[in-house]
Amino acid sequence: MSRSTLAIARATGVIGATVALIVGVTFAQLNTTATLSNNTVSSATADLTLWDGSAFAQTAPGFTVTNLIPGAGSGPLPFYFKNGGAVDLIVTAHVPVAPSASGFSGWENLKVTFTDNNGAVQATNMGALLAGEVALPGNPVTAGAQGNAGVPNTEGNYTATFDITPAAVTGSSATVDSFDIVFTGTAPTPL
């Protein structure tokens with residue numbers, strides 16, 4: 001490459017760099033910004049409670065079933081939800097810890113049936129409740145719904161029925177000790 005070609009190449013490079021710098025500075029001067037300030041976000045509230053005999057609370061006494069005849073069932077045992085939150089709730093049930101039991105075999109043989117205020121039924125068993133969440137019938141429980149013992153067919157009124165499969169009884173009687181049923185209310189996922 002000759003000296004003159006090299007000089008022209010350098011001059012072209014310097015001119016190109018100068019043009020790029022001027023264009024960059026000009027572009028920077030033409031930018032503008034706008035700001036959305038003081039933003040806050042809060043969710044709707046979820047508030048599922050149970051009637052404890054005198055008020056709606058986070059915990060309520062469970063059921064004591066005696067003289068159960070396997071295959072005949074306990075009969076409907078009522079309980080009442082209140083959805084005091086601002087969103088509808090899909091309600092599920094689970095038993096977090098297996099109770100001690102004797103006189104029968106297999107958790108799938110301890111039948112649990114939930115019925116809502118309209119007669120919709122979810123038949124399940126202790127094995128399924130121990131394994132995870134089981135959806136209650138009649139979901140979702142709408143925001144503001146409040147079960148009422150004195151008013152049949154009120155949204156939030158539910159019953160539970162317990163039974164033991166007769167063929168699973170291994171002795172002269174069967175017993176299941178104390179256990180908790182935990183109900184969880186979850187807002188439906190928007191489409």
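Atom set for the values below is all heavy atoms of this structure, side chains included, hydrogens, waters and symmetry mates excluded.
Within the 4.5 Å cutoff, the side chain of Lys82 has no heavy atoms near those of the Leu48 side chain. Counting heavy atoms from C-beta outward, Leu110 and Asn125 have side chains that stay 4.5 Å or more apart. Side-chain contact between Val112 and Leu129: present, with at least one pair of heavy atoms (C-beta onward) separated by less than 4.5 Å. For the pair Thr165 and Lys111, the minimum side-chain heavy-atom distance is below 4.5 Å. Phe56 is not listed as a side-chain neighbour of Phe81, based on a closest heavy-atom distance of 4.5 Å or more.
No side-chain donor from either of Asp47 and Thr49 sits under 3.5 Å from a side-chain acceptor of the other.
Under the 3.5 Å distance criterion, the side-chain polar atoms of Asp177 are left unmatched by any main-chain donor or acceptor of Pro99. Put simply, the side chain of Asp180 never gets that close to the backbone of Val97: no donor and acceptor are under 3.5 Å apart. Of the possible donor and acceptor atoms, none in the side chain of Asp52 sits under 3.5 Å from a partner among the backbone N and O of Ala60. Under a 3.5 Å cut-off, the side chain of Asn118 and the backbone N or O of Ala120 do not form any donor-acceptor pair.
Note that CD1 of Ile90 is 12.5 Å distant from OG1 of Thr184, once rounded to the nearest 0.5 Å.
Scanning both residues, Ala174 and Ile164, for their nearest heavy atoms gives CB-CD1, 3.8 Å. Among all heavy-atom pairs drawn from Phe63 and Ala160, the shortest one is CE1-CB, 4.2 Å.
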Would you sort out whether Phe79 and Phe183 count as a ring pair (Phe, Tyr, Trp, His ring centres under 6.0 Å), showing the intermediate values? CA-CA 12 Å; Phe79 62 100; Phe183 297 100; 5.3 Å; yes
Can I get a per-line list of side-chain donor-acceptor pairs under 3.5 Å for residues 130-148, giving both atom names and the distance, sequence neighbours left out?
residue: Glu133; atom: OE1; partner: Thr92; partner atom: OG1; Å: 2.5
residue: Glu133; atom: OE2; partner: His94; partner atom: ND1; Å: 3.0
residue: Asn139; atom: OD1; partner: Val91; partner atom: N; Å: 2.7
residue: Asn139; atom: ND2; partner: Val91; partner atom: O; Å: 3.1
residue: Asn139; atom: ND2; partner: Leu136; partner atom: O; Å: 2.6
residue: Thr142; atom: OG1; partner: Glu155; partner atom: OE1; Å: 2.8
residue: Thr142; atom: OG1; partner: Glu155; partner atom: OE2; Å: 3.2
residue: Asn148; atom: OD1; partner: Gly150; partner atom: N; Å: 2.8

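Take Thr170 and apply the side chain to side chain contact (heavy atoms under 4.5 Å, CB included) test, not counting sequence neighbours, and it matches Ser105. Not a single ring-ring contact (aromatic ring centres under 6.0 Å, His included) links Phe179 to another residue, sequence neighbours left out.
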